[in-house]
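First comes the structure, then the notes that go with it.
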Amino acid sequence: MEPTEDYSFPPVSFKPLLTEISGLLRSTSSTLAVAETTTGGLVSASLLSVSGASKFFVGGATVYTTKSRRAWAGWTDENLVNYIGPTPELVTELAANVREQMDVTYCIGEWGAAGPTVPGPPLVHMIAGQTCIAVVSHEGFATRVVNTGVADREKNMVTFTRAALVLLRDVLAGDVKLERQYLPA
C-alpha cells in the first residue's frame, strides 16, 4: 500500500494567525508584498491560502540568488562588494526596495540560512538555522532575528515562515513599535 499524501497546507497551527493577519489587512485596506529567500515562497503561499487574499496580497518574490536579487530586489554592485551575509539592515533594505517597487503598504523581507550547510567566509553572518526578518511600511520598520539552533532545512523553513507571519501580525496589531532611524531611500 502506498503512503497517503497529506495535502493540508498551510500547517494547521498557521490558520488562526493567517485569519488574524487577513482581517487586520482588510480592515485598513492595506496591501502587502513579500521578498523571501530561505522560506522559498512559503510566506507568500501561506498568505495566498487565505480565501480573499487578492484583496491584500499584491505579489511575492523568492530572491534566492544574486541574479534574482538584482532583478527583483534592487541589488546593486555595491551590495555585492559589501555582502557578508544576511543582517537585519540588509533584510530591511530588501523589504524597503520591494515595498517601493510594488507600491504596497507593507512588505515582509526574510533572508537567512535554512541549513544543513552554509557557505564559508566571507559570509560570516550566515549560521544554519538563522534568519533575519523585516516588516517595512512607509512609517518605519521592525526586525527580528530567529535562530532555531538546528540545521534541519525543512523545519527551519516552516519555523522561519511562522516567525515572519508573527512579526507581520505584531506590526499590524500595533504590538511592535516601528523604528524609523534606518529606512533606505
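If you read the sequence from its start, that first residue is 1, and numbering goes on from there.
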Main-chain N/O of R26 paired with S30 side-chain donor or acceptor, under 3.5 Å: no
Just how far is it from atom OG1 of T19 to atom CZ of R169, taken to the nearest 0.5 Å? 12.0 Å
Donor-acceptor under 3.5 Å (T105 side chain, T31 main chain): yes
Exceeds 12 heavy-atom contacts within 6.0 angstrom, atom NZ of K15: yes
4.5 Å side-chain heavy-atom contact, V150 and N156: yes
L167 and L18: same hydrophobic cluster, using ILVMFWY side-chain contacts below 4.5 Å? yes
Option passing side-chain hydrogen bond (donor to acceptor under 3.5 Å, both in side chains) with R70 (candidates T76, D77, T65): D77
Please confirm whether the backbone N or O of F160 pairs with a side-chain atom of T131, one donor and one acceptor, at under 3.5 Å? no
Quick check: are there more than 12 heavy atoms from other residues, nucleotides or ligands sitting under 6.0 Å from CH2 of W72? no
Could you tell me whether the side chain of F14 reaches within less than 4.5 Å of the side chain of I21, counting heavy atoms only? no
Checking the side chain of R153 only, and the main-chain atoms of A114 only, is there a donor and an acceptor separated by less than 3.5 Å? no
Indicate yes or no for a side-chain donor-acceptor contact from R99 to the backbone of V104 under 3.5 Å, with no hydrogens or angles considered. yes
Taken in chain and number order and not counting sequence neighbours, the residues that satisfy salt bridge (charged side-chain N to carboxylate O under 4.0 Å, His left out) with R144 are D170
Do V98 and W111 sit in the same hydrophobic cluster, where Ile, Leu, Val, Met, Phe, Trp and Tyr count as joined when their side-chain heavy atoms come under 4.5 Å apart? no
What distance do L90 atom CG and C132 atom SG have between them, rounded to the nearest 0.5 Å? 8.5 Å
Enumerate donor-acceptor pairs with a distance under 3.5 Å from any side-chain N or O in residues 42-50 to protein atoms, sequence neighbours excluded.
| from | atom 1 | to | atom 2 | distance (Å) |
| --- | --- | --- | --- | --- |
| S44 | OG | E36 | OE2 | 2.9 |
| S46 | OG | L42 | O | 2.8 |
| S49 | OG | S46 | O | 2.6 |

Any side-chain heavy-atom pair from T161 and T39 closer than 4.5 angstrom? yes
Stepwise side-chain contact (heavy atoms from CB on, under 4.5 Å) check, F141 with V135: CA-CA 6 Å; F141 69 96; V135 173; over 6 Å; no
Answer yes if V145 and V136 sit in the same cluster of Ile, Leu, Val, Met, Phe, Trp and Tyr residues linked by side chain heavy atoms under 4.5 Å apart, and no otherwise. no
Would a single hydrophobic cluster contain both L94 and V58, if residues Ile, Leu, Val, Met, Phe, Trp and Tyr are joined by side-chain heavy-atom contacts under 4.5 Å? no
Between atom OH of Y106 and atom CG of L32, what is the distance when rounded to the nearest 0.5 Å? 9.5 Å
Does one hydrophobic cluster hold both V34 and L172, with members joined at side-chain heavy-atom distances below 4.5 Å? yes
Would you call Q130 and T148 a side-chain contact if the rule is heavy atoms closer than 4.5 Å? no
Keeping T62 on the side-chain end and T37 on the backbone end, is there a donor-acceptor pair under 3.5 Å? no
Would you confirm whether T159, through its side chain, and K155, through its main-chain N or O, come within 3.5 Å as a donor-acceptor pair? yes
Does R69 use its side chain to pair, donor to acceptor, with the backbone of V63 at less than 3.5 Å? yes
I'd like to know whether I133 forms a side-chain contact (heavy atoms from CB on, under 4.5 Å) with T143, so could you lay out the CA-CA distance, the side-chain angles of the two residues, the decisive distance to 0.1 Å, and finally the verdict. CA-CA 5 Å; I133 302 165; T143 62; over 6 Å; no
Minimal heavy-atom distance between T28 and L24, with the atoms involved, is OG1-O, 3.2 Å
Exercise: do E110 and T38 side chains pair donor with acceptor under 3.5 Å: yes
